[in-house]
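To start, the structure under review is shown below, and the notes come after it.
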Amino acid sequence: MNWKVCIALLSWLSAGTASAESPVALMNGYTSEAARSAPGFVPSAQRGKDFFARKWGVSGKMPNCQSCHGNDLTQESRHVITGRRIAPLSPQANGERLTSSAKVEKWFGRNCQEVVGRACTAAEKADLIKFFSNPGVKS
Amino acid sequence: MKWIAGLMLAVLAGAAYADGGRLNIPANATWQEECGSCHIPYPPQLLSRQDWQQLMGGLDKHFAANAALGLQERREISAFLQRYGASSERYVTNTMRISDTPWFKREHREVSRATWADPAVKSRSNCTACHVNAERGDWSERGIRVPGGRFEDDDD
């Protein structure tokens with residue numbers, strides 16, 4: 001392998017690891033956004049878990065996030081209306097999750113409106129991502 | 001490797017075509033992604049252009065779900081649906097549901113009420129409950145597996 005290939009490979013690798021589109025980077029982004037109005041804000045997997053399970057009383061068919069995403073975030077679930085398979089939400093089980101801020105924003109945008117009845121706050125999103133990344137958090 | 005895949009596709013296509021179940025679904029990555037998250041991406045040719053147009057105009061209230069899209073995606077997908085959408089009145093309905101078109105009703109006239117209510121089917125939007133290879137474009141009778149097996153179609 002010559003040095004040019006080496007450098008190309010190295011820069012490709014480092015570009016991969018330094019990507020802003022990772023679960024941690026996304027969570028950090030929402031965390032700093034939340035900290036602007038609540039200084040010292042720290043995301044909590046437990047709060048995320050409670051949010052995820054809470055029945056909001058907004059949508060009849062989709063009372064909470066679990067309606068479509070199930071109770072075990074490391075497992076595939078099924079869309080409550082169409083039966084469509086939904087890949088696991090946890091990046092532990094699904095490496096594609098939380099790797100695109102555009103996608104994450106799109107789905108928070110749709111699903112928060114749908115299930116919660118309003119947009120989710122940056123703090124709630126940070127909590128949720130923390131929970132998705134640590135789905136085994138004990139109550 | 002590529003030619004083997006090509007050959008297999010050709011064979012599959014041929015087999016499906018033989019019993020009239022092959023739908024040549026045009027490729028569009030945006031449509032596939034955006035219209036294929038909550039249900040399979042329904043083939044554009046199964047619904048009339050006017051139905052698609054009406055549907056794309058109300059994505060924030062998409063059959064009781066919020067499926068809102070960015071402007072750019074919406075434009076791209078609308079153009080795709082207008083290009084490949086059906087023009088025959090067999091695919092026209094005033095509900096925007098493929099399952100309410102005269103074509104769909106005729107095709108599914110033998111499906112019992114019990115089958116539609118089966119927990120593995122749940123909804124007429126769940127095509128792959130029975131058309132197990134539909135996502136690969138195979139809608140042939142041979143590719144139908146009805147949960148509970150109340151609709152015998154296996155002659156092979």
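Lettering follows sequence order; numbering is per chain, from 1. Predicted model, so just to flag it, every value in this text is computed and none were measured.
- In terms of hydrophobic clustering, with Ile, Leu, Val, Met, Phe, Trp and Tyr side chains grouped at heavy-atom distances under 4.5 Å, B:Phe80 and B:Leu47 are assigned to a common cluster.
- A donor-acceptor pair is defined here as one N or O able to donate and one able to accept, closer than 3.5 Å; no such pair exists between the side chain of B:Ser125 and the backbone of A:Thr82.
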Might you work through the side chain to side chain contact (heavy atoms under 4.5 Å, CB included) test for B:Asp60 and A:Glu114, ending with a clear yes or no?
CA-CA 9 Å; B:Asp60 56 329; A:Glu114 183 83 53; over 6 Å; no
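- By the 6.0 Å contact criterion, CZ on B:Arg106 is open, its count of non-hydrogen atoms from other residues, nucleotides or ligands being 12 or less.
- A distance of 6.5 Å separates SG in B:Cys38 from CD1 in A:Ile86, rounded to the nearest 0.5 Å.
- Salt-bridge formation is detected for the pair A:Lys103/B:Glu33: a Lys NZ or Arg NE/NH1/NH2 atom is positioned less than 4.0 Å from an Asp or Glu carboxylate oxygen.
- Neither the backbone nor the side chain of B:Thr128 comes within contact range of chain A; no heavy atom of the residue lies under 4.5 Å from a heavy atom of that chain.
- When the shell of 6.0 Å around CD of B:Glu89 is examined, it contains 12 or fewer heavy atoms from other residues, nucleotides or ligands.
- Between A:Arg110 and B:Leu69, the shortest heavy-atom distance links the atoms NH2-CD2, 3.3 Å.
- If you measure heavy-atom distances from B:Ala64 to chain A, the contacts under 4.5 Å come from the backbone alone.
- When atom types are taken as modelled, the side chain of B:Lys122 and the backbone of A:Val80 share a donor-acceptor pair closer than 3.5 angstrom.
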Kindly determine whether A:Arg84 and B:Glu135 satisfy salt bridge (charged side-chain N to carboxylate O under 4.0 Å, His left out), including the steps that lead there.
CA-CA 12 Å; A:Arg84 174 82 158 146; B:Glu135 288 199 67; 2.7 Å; yes
